[in-house]
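Counting starts at 1 for both ligands and their atoms, in listed order. Along the sequence shown, residues carry numbers from 1.
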Amino acid sequence: ACQHRLWPEIESVVKQQVAWARTGIGECGQGWQLFAEDGEMRMYRREEEVDGMAVDPLKAVHTVPGITGHEVCHYFFGPQYRYDWETTLEQMTVLETVSDDTLVFLQTHKRIWPASQRDVLFWSHMRKLPNENDRDGPDLWTVVNNSTTHLDYPPNVGKCVRIYLKVCLLCQTRVDPPKDGAPLTRDNISCKITYCSVVNPGGWAPASVLRAVYKREYPKFLKRFTAYVVNQTKNKPIMF
Ligand SMILES: CCCCCc1ccc(-c2ccc(S(=O)(=O)CCO)cc2)cc1[C@H]1C[C@H]1c1ccccn1
């Protein structure tokens with residue numbers, strides 16, 4: 001995979017996205033609005049427009065007991081699970097298997113009235129990262145999704161407007177070992193999740209419609225996805 005045409009871009013985008021995900025909300029400077037809260041989940045957005053279109057950056061943080069960062073990234077990255085948790089997905093195709101940790105997807109999402117239907121073409125890369133802050137702590141895991149091109153699927157040819165996105169899911173496992181030195185169970189682990197996304201809707205869509213869609217869909221997506229991972233892993237050995 002190191003000699004693949006996408007490799008240089010993957011390297012630089014992953015480093016940039018992970019650094020961005022690691023930057024706390026406070027450090028990011030002002031402009032972040034908390035727009036959704038549910039238990040441990042906090043969702044922030046910043047109102048930004050490009051060519052009159054809302055492309056509001058989103059940053060969500062969540063802590064989920066009983067699962068690891070590797071498990072969260074495994075179920076987010078794997079195409080075989082996506083229809084189970086991605087409610088707005090209409091069609092998903094793996095266009096290219098670059099390597100076992102890098103895929104190219106084409107997805108069409110359900111049309112959201114009154115905007116026209118959207119599709120998105122992106123590479124998706126999953127990677128384990130060394131835990132810089134705590135050398136003997138568990139590693140971090142990340143999945144980065146970044147819009148790309150594919151000669152056979154030029155944008156805006158069919159009925160769908162091509163959107164452009166950059167997404168980073170960064171996961172940090174936390175282990176609280178049992179006092180009595182008993183073996184680890186899922187009661188002793190939790191995962192701190194940071195989900196960052198910037199979605200450019202491609203063609204025109206009213207900012208009010210886009211903002212209403214994001215406000216409704218993002219909290220739903222993160223809650224449904226994390227509940228899915230808890231349910232899929234609860235009777236399986238812990239995947240660190
Ligand atoms: C007028 C609406 C235009 C935008 C429609 C649209 C398209 C793609 C996407 C999207 C595509 C990929 C990702 S992901 O994180 O890489 C996971 C893999 O699927 C995430 C979100 C979102 C939305 C917007 C529905 C809104 C929405 C928001 C969160 C989740 C689902 N839907």
Side-chain angles (χ1 to χ4, degrees), residues 10 13-14 17-18 20-21 35-36 38 41 43-45 48-62 72-95 102-126 141-148 153 155-156 158-171 193-229:
I10 289 170
V13 171
V14 167
Q17 285 297 301
V18 168
W20 171 244
F35 75 90
D38 183 302
M41 185 182 78
M43 279 209 161
Y44 304 84
R45 70 172 177 192
E48 286 180 14
E49 303 205 352
V50 168
D51 306 333
M53 291 185 299
V55 290
D56 304 355
L58 178 126
K59 188 175 267 203
V61 290
H62 195 7
V72 171
C73 288
H74 172 76
Y75 287 100
F76 187 73
F77 176 77
Q80 66 272 38
Y81 311 112
R82 197 155 297 168
Y83 284 110
D84 298 344
W85 55 264
E86 177 70 285
T87 49
T88 66
L89 193 60
E90 186 172 278
Q91 173 75 31
M92 174 198 69
T93 313
V94 176
L95 299 182
T102 308
L103 302 170
V104 178
F105 288 95
L106 176 63
Q107 296 187 171
T108 56
H109 286 254
K110 291 183 181 118
R111 181 166 180 259
I112 294 168
W113 185 87
S116 42
Q117 188 168 23
R118 257 66 183 178
D119 68 9
V120 57
L121 197 160
F122 59 95
W123 54 255
S124 183
H125 176 73
M126 176 161 136
W141 282 85
T142 189
V143 174
V144 175
N145 294 345
N146 188 45
S147 284
T148 188
Y153 300 91
N156 310 322
K159 61 184 185 328
C160 288
V161 171
R162 178 69 46 90
I163 71 159
Y164 298 89
L165 62 72
K166 221 184 263 281
V167 164
C168 178
L169 181 73
L170 180 68
C171 301
I193 298 170
T194 303
Y195 175 88
C196 302
S197 91
V198 180
V199 173
N200 182 319
W204 190 79
S208 56
V209 167
L210 283 170
R211 288 184 172 132
V213 165
Y214 296 151
K215 194 172 166 74
R216 183 186 70 233
E217 292 295 335
Y218 274 112
K220 202 165 80 177
F221 146 72
L222 196 56
K223 277 180 66 180
R224 179 184 171 91
F225 170 65
T226 51
Y228 174 77
V229 176

So do Trp123 and Val13 actually touch side chain to side chain, heavy atoms under 4.5 Å? yes

Report yes if some N/O of His109 lies less than 3.5 Å from some N/O of ligand 1; otherwise report no. no

Please check: side-chain N/O of Arg224 versus main-chain N/O of Trp85, any donor-acceptor pairing under 3.5 Å? yes

Is the backbone N or O of Glu48 less than 3.5 Å from a side-chain atom of Asp56, with the two atoms forming a donor-acceptor pair by type? yes

Is it the side chain, the backbone, both or neither of Val199 that has a heavy atom closer than 4.0 Å to ligand 1? neither

Can you tell which part of Val209 has a heavy atom less than 4.0 Å from ligand 1: side chain, backbone, both or neither? neither

Just so I know, are the side chains of Pro219 and Asp38 near enough to count as touching, which here means a heavy-atom distance under 4.5 Å? no

Main chain of Ser116, side chain of Arg118: is a donor-acceptor contact present, judged purely on distance under 3.5 Å? yes

Do the side-chain N and O atoms of Glu90 and Gln117 include a donor-acceptor pair separated by under 3.5 angstrom? yes

With heavy atoms and a 4.0 Å threshold, my read on which part of Gln107 contacts ligand 1 is side chain

For Val167, the ligand 1 atoms whose distance to one of its heavy atoms is below 4.0 Å: 15 (O), 16 (O)

Whether the Tyr218 and Ser197 side chains hold a donor-acceptor pair (N or O, under 3.5 Å, no angle test) is what I'd like checked. yes

Provide, to 0.1 Å, the distance between atom 4 (C) of ligand 1 and the closest protein heavy atom, together with that atom's residue and name. Arg118 CG, 4.3 Å

Do Phe35 and Tyr214 have ring centroids that are under 6.0 Å from one another? no

Ligand 1 and Asn145, any nitrogen or oxygen pair closer than 3.5 angstrom? yes

For atom 15 (O) of ligand 1, what is the nearest protein heavy atom, given as residue, atom name and distance? Tyr195 OH, 2.8 Å

Enumerated ligand 1 atoms positioned under 4.0 Å from heavy atoms of Leu165: 11 (C), 12 (C)

Side-chain donor or acceptor of Ser147 paired with backbone N/O of Leu165 under 3.5 Å: yes

Considering only the protein, which heavy-atom contact is closest to atom 2 (C) of ligand 1, and what is its distance? Leu210 CD2, 4.0 Å

Tell me: protein heavy atom nearest atom 21 (C) of ligand 1, and distance? Tyr218 OH, 4.3 Å

Using modelled atom types only, decide if a donor and an acceptor are shared between the side chain of Lys59 and the backbone of Trp20 within a distance under 3.5 Å. yes

Mind checking whether Glu217 has an N or O less than 3.5 Å away from an N or O of ligand 1? no

Phe105 contact mode with ligand 1 (heavy-atom cut-off under 4.0 Å): neither

Got a protein heavy atom sitting under 4.0 Å from atom 7 (C) of ligand 1? yes

Evaluate the 4.0 Å heavy atom contact test for atom 29 (C) of ligand 1: does a protein atom fall under the cut-off? yes

Going by the atom numbers of ligand 1, which of them fall below 4.0 Å from some non-hydrogen atom of Ile112? 25 (C)

Suppose I only count heavy atoms of Thr88 and a 4.0 Å limit; which atoms of ligand 1 are within that range? 31 (C), 32 (N)

Closest non-hydrogen atom pair between Ile10 and Thr102, with its separation: CD1-CG2, 3.6 Å

Tyr228 vs Tyr75 aromatic rings, parallel, tilted or perpendicular, using cut-offs 30° and 60°? perpendicular

Give the ring-plane orientation class for Phe76 versus Phe225, where under 30° counts as parallel, over 60° as perpendicular and anything between as tilted. perpendicular

Quick one: does ligand 1 sit under 4.0 Å from the side chain of Ile163, the backbone, both or neither, non-hydrogen atoms only? side chain

Atom indices of ligand 1 within 4.0 angstrom of Ala115 heavy atoms, with elements: 1 (C)

Nearest non-hydrogen protein atom to atom 23 (C) of ligand 1, with distance, is Tyr214 CE2, 4.7 Å

Can you tell me which residue and heavy atom of the protein come closest to atom 18 (C) of ligand 1, and the distance to 0.1 Å? Glu86 OE2, 3.5 Å

